[in-house]
Amino acid sequence: MEIVYVHIFAIVLGFFADKLLGDPIWLPHPIVAFGKSISFFTKKLNKGKFKIAKGAFLSLTLTAITFVVFVLLIYLSFQISSWLGMIIEAIFIFYGLAGTTLAKEGEAVFKALEKDLIAGRQQVSKIVGRDTNSLSEQEIKAATLETLAENLSDGVIAPLFWLLIAGVPGMMAYKMVNTLDSMIGYKNDKFIEFGRVAAKTDDLFNLIPARITALLMAIVSGKKRAFQFIFKYGKAHSSPNAGYPEAALAGALNVTFGGAHNYFGKVVVKPEIGNRKRSFTNSDLKQTLQLLKWSEIIFLLIILLMLFLQSDANYLIGI
């Protein structure tokens, strides 16, 4: 079997495994191992002098080790058998995608709000980095939709992008970068120095995927306003990347995101993305989930098409 087709089958298997299983809590997950390694070394290194240098060393070393380990794992598995290689690739592609979990978390927040406000606050605290103790119902819904847009890039489009660029090793290296950012990439007293390189590296790795995500969402929405919002508000966010998918979603739904948020004692005022303030509804969640689903599918098809074309090109030049 031609190696390109093995990769294609692995991608399809991994993608559909994510759709069927999500992230079952009973299944060991490599991201948990990533998190434990980051936590262990952070406790050892995040103290004393030279915190920026030590944080840089940790971030770059763990990312490089992750890439090398998976290069060796994939290489050795294919040396044994193409079928084994395909299965190993499919397993880690499944682990690298978070589309199903993302959708379920968004639905869980809106469902919790139907019970009461406290339940909604507790549920949304699982997916956002801000203080949720004083959020109103509308702020919870806005935070959920913003997070869904941003995490479509982090949890699906970016992993697939790096899978296309550098295979499963690239995908897993990206997941390490993203996990580092989510754990130490904060601008607070504890991590402002130690997590600086982790945050900048994550920004770099997401630079192209975030913009691809925004364009995919705008295309799926079919709304001219979504494209306009990308160019008008994409740069408004404090993050160099998060504003683009958020702007696309704001345009698709014709709502306004942003404003002041409490990040554990510090009020952070984010520029507003959008120009129409209205109440968020369950219909907004349904539309958002549809945008996410079809954006995933379209990007998957693009990747598969590119691999098919690569196979045809290799055939034509005799490789």
Side-chain angles (χ1 to χ4, degrees), residues 6-42 62-63 65-78 80-109 111-112 122-129 144 147-148 150-164 166-183 202 205 209 289 292-293 296-297 299-300 303:
V6 173
H7 296 320
I8 289 171
F9 287 138
I11 293 171
V12 172
L13 285 173
F15 184 84
F16 279 104
D18 175 61
K19 293 300 142 197
L20 291 172
L21 300 174
D23 288 324
I25 58 174
W26 52 266
L27 199 62
H29 204 295
I31 306 305
V32 174
F34 290 177
K36 288 181 177 180
S37 66
I38 294 166
S39 179
F40 175 81
F41 289 109
T42 295
L62 287 181
T63 302
I65 289 173
T66 300
F67 184 80
V68 171
V69 166
F70 279 94
V71 165
L72 293 174
L73 175 63
I74 298 301
Y75 173 77
L76 292 173
S77 63
F78 272 99
I80 296 171
S81 164
S82 293
W83 288 101
L84 178 61
M86 182 179 70
I87 292 169
I88 296 296
E89 282 195 332
I91 288 171
F92 284 101
I93 290 168
F94 157 67
Y95 279 132
L97 297 174
T100 299
T101 300
L102 178 62
K104 287 181 178 178
E105 291 289 353
E107 290 175 327
V109 173
K111 188 174 182 179
Q122 291 174 340
Q123 192 64 42
V124 78
S125 68
K126 298 177 181 179
I127 61 172
V128 300
T144 301
T147 300
L148 288 175
E150 182 180 350
N151 285 338
L152 172 62
S153 177
D154 293 353
V156 181
I157 304 303
L160 286 174
F161 174 81
W162 287 105
L163 176 68
L164 178 65
V168 168
M171 187 184 211
M172 289 295 108
Y174 168 77
K175 296 300 290 187
M176 174 59 85
V177 167
N178 196 239
T179 306
L180 281 158
D181 179 63
S182 68
M183 292 183 67
D202 186 72
F205 271 62
L289 294 179
L292 267 58
K293 180 181 76 172
E296 288 182 45
I297 292 172
F299 195 55
L300 174 69
I303 288 175

Excluding sequence neighbours, so at least two apart, what forms ring-ring contact (aromatic ring centres under 6.0 Å, His included) with Phe161?
none

Nearest heavy-atom pair of Lys175 and Asp154: which atoms, and what distance?
NZ-O, 4.3 Å

What is the minimum heavy-atom distance between Thr179 and Ile38, and which atoms define it?
CG2-CD1, 3.7 Å

How far apart are the closest heavy atoms of Ser37 and Leu62, and which atoms are they?
OG-CD1, 4.2 Å

What pairs meet the salt bridge (charged side-chain N to carboxylate O under 4.0 Å, His left out) rule with one or both residues in residues 12-40, with sequence neighbours excluded?
Lys19-Glu296

Taking only residues two or more places apart in sequence or in another chain, which ones pass side-chain hydrogen bond (donor to acceptor under 3.5 Å, both in side chains) with Asp202?
Asn178, Asn206

Do the ring centers of Phe94 and His29 come within less than 6.0 Å of each other?
no

Rounded at 0.5 Å granularity, tell me how far CG in Leu21 sits from CG in Leu97.
12.0 Å

Close side-chain approach of Gln123 to Glu105, heavy-atom, < 4.5 Å
yes

Using side-chain heavy atoms (C-beta onward) and a distance below 4.5 Å, is Ile11 in contact with Leu163?
yes

Would you say Pro209 and Tyr174 make side-chain contact, with heavy atoms under 4.5 Å?
no

Hey, what do you get for NZ (Lys293) to OG1 (Thr100), rounding to the nearest 0.5 Å?
11.5 Å

Can you list the residues that meet the side chain to side chain contact (heavy atoms under 4.5 Å, CB included) rule with Ile91, with sequence neighbours excluded?
Ile87, Tyr95

Contact summary for Met86 and Ala10, nearest pair of heavy atoms:
O-CB, 3.6 Å

So how far is it from Leu148 CG to Leu292 CG, rounded to the nearest 0.5 Å?
6.0 Å

So, using side chain to side chain contact (heavy atoms under 4.5 Å, CB included) as the criterion, who are the partners of Pro169 when residues are at least two apart?
Phe67, Phe70, Val71, Ile74

Would you please name every residue forming a ring-ring contact (aromatic ring centres under 6.0 Å, His included) with Phe34, sequence neighbours left out?
none

Minimum heavy-atom distance Pro159-Ser153, with the two atoms named:
CD-O, 3.7 Å

Report yes if the side chains of Leu84 and Phe78 come closer than 4.5 Å at any heavy-atom pair, otherwise no.
no

Apply side chain to side chain contact (heavy atoms under 4.5 Å, CB included) to residues Ile93 and Met171 and explain how you reach the verdict.
CA-CA 8 Å; Ile93 290 168; Met171 187 184 211; 4.2 Å; yes

I need the minimum non-hydrogen distance between Ala90 and Leu13, along with the two atoms involved.
CB-CB, 3.8 Å

How long is the straight-line distance from CD1 of Ile157 back to CG of Asn151, given to the nearest 0.5 Å?
12.0 Å

